Every structure is written in C-alpha cells, then in structure tokens.
Amino acid sequence: MNWVDNWHCRFCGEPARGGPVCEGCRADLPWNDLACPRCALPGATDDICADCLGAPPPMDMSLAPFVYAPPIDQLIQQLKFNRLLADARWLCDALADRRRDHPAPLPDLILPVPLHRWRLWWRGYNQAAVIARHVGRRLKVPVQLHNIGHSGARVHQVGLDARARRRAVRGAFDVRLDLRDRHVALVDDVMTTGATVHELAQAVRAAGARHIEVWVLARTPKSQGRAAARQSTARPGQGRT
Ligand SMILES: [Zn+2]
Ligand SMILES: [Zn+2]
C-alpha cells in the first residue's frame, strides 16, 4: 500500500506530500532524538540514563521515535479507540524507520504487549498488536500475536509510585512460547514507567529469549511519568504503564 499524494497536513491543513503531515509540522514534532539506549528515556545525551545504570532493565535496548508530548500524545490516545487510520500508519512508519536506521541486526520475532482479555473485550482490539503488525510488515519481521496470556488481574494503579506499579503487574504475563536463543522485540504504544514492558521482558527472558528490544511509538519524559500514568488509568481500557 502506498501513500496517495493528495494529502492535507493534519496539523496545519496545508498540502502535504507523501503522508498526512507536512514537512514543516513534521520538523516540529517532539522527536525523541537523544535518549537512553536501554529504556528510550529522553535525555540531554544518548548515554545510558541514571536509572538504567543504577538498576539495568530487563531489555537490552529500547526505541521510541517520539517523546510522549503534544501533539503526539493526543494522536496516540485516539489510536486506542480507532482502528488503524492514516495517523496510526505514519506513527508506525516513524517507528519502523527509526529501527531500520539502527545498525543492530533486526529481531527474529515481534511480540505485541498483550491486553488483558477484559480490556480487549471492552475496546475490541489491542493497539499494540495493530502497531506490531504494521511495523512487522514494514521491516519484514514476523509477528507472534498469540501464545502470551495476560493472566494477572491488574490492580487499580492510580496514585501508585513506580515501584508499587511494578509490584502490581508482577506475574501478569504467561508466555507459552519456546523463545530459546531468540531475538525478540516487544511492541507497545507508549512506555511510561516501563513497569508493563519490564514484566513482559522478564517473562520473555524466562522463556529463553537471548536478546530483547522494546519498541514503542512514544516515551514519557521522566518528570511527567506519574502524571501521564495517572491520566492513562483514569478510564477503563487505558491502563498501560
Ligand atoms: Zn503542516
Ligand atoms: Zn535508561
């Protein structure tokens, strides 16, 4: 599928080429260009952040093309309630392009962060799976959509600090795959505290994975982590951490 060329920029309304965002608006987006290579936390340099130095996370690397900030945050919020639209496509393309530009070899397998079945039923689809499928197609990496259960009943996470949120998602994933010696990428829409992907990364590591990457569309900056997380759990179906 190729972009048709008659676009009007979704931000400024001016004619745009090759996609729904014009070059000027594209340049103004909150690109996450300097970030920690382990957890994708936006920073002043691309060195490993203090958190990852202090307590290395269970993933080997993380990528997020955008900082979770206006106007990307609203687009991603809309993604949760709409199937893959033009907006979602260019956001996913930005993630695929970011990974393609990275020199490391591509993973063998992409695993979207599963949604608890109650949330899946409520919302009708898992946005992480939608992103994974699109990015997998662009990068020609297979996507494994099943065989990971979201077994843990999640406690209400509003007002919990990062450590309490990590406790709340512990044991949430049930990986029914043999991942021995596999190089996998875990995909989600946003990483805030990282509690959810940390938990899945640990389960995937326990299933044998040798190298684990995390790919998200956007990463929440540190100072906003708790506020954004609180907002994202304010309604059922929005509880990603
Ligand atoms: Zn524009
Ligand atoms: Zn880090």
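When a ligand or atom number is given, it counts from 1 through the structure's own listing order. Here the structure is a predicted model, which means the values were calculated and not measured.
Within the protein, the N, O or S atoms sitting under 2.8 Å from the Zn ion (ligand 2) are Cys36 SG, Cys39 SG, Cys49 SG, Cys52 SG. Around the Zn ion (ligand 1), the protein N, O or S atoms found under 2.8 Å comprise Cys9 SG, Cys12 SG, Cys22 SG, Cys25 SG.
The local environment of CZ in Arg176 is crowded, with over 12 non-hydrogen atoms from other residues, nucleotides or ligands closer than 6.0 Å. Remark: Arg26 CZ is loosely packed, at most 12 non-hydrogen atoms of other residues, nucleotides or ligands lying under 6.0 Å away.
Among residues two or more places apart in sequence or in another chain, the side-chain hydrogen bond (donor to acceptor under 3.5 Å, both in side chains) test is passed with His183 by Glu213. When the side-chain hydrogen bond (donor to acceptor under 3.5 Å, both in side chains) test is applied to Arg10, the partners found at least two apart in sequence or on another chain are Asp87.
Applying the side-chain contact (heavy atoms from CB on, under 4.5 Å) test between Cys39 and each of Met59, His198, Met61 identifies Met59 as the sole match.
Note on Val67: it does not cluster hydrophobically with Leu41, by side-chain heavy-atom contacts below 4.5 Å among ILVMFWY residues.
To the nearest 0.5 Å, atom CG of residue Leu217 and atom OH of residue Tyr68 are 10.5 Å apart.
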List the steps, then state whether side chain to side chain contact (heavy atoms under 4.5 Å, CB included) holds for Val190 with Val216. CA-CA 5 Å; Val190 181; Val216 292; 5.8 Å; no
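Between Asp47 and Arg38 there is no salt bridge, since no side-chain N of the basic residue sits under 4.0 Å from a carboxylate O of the acidic one.
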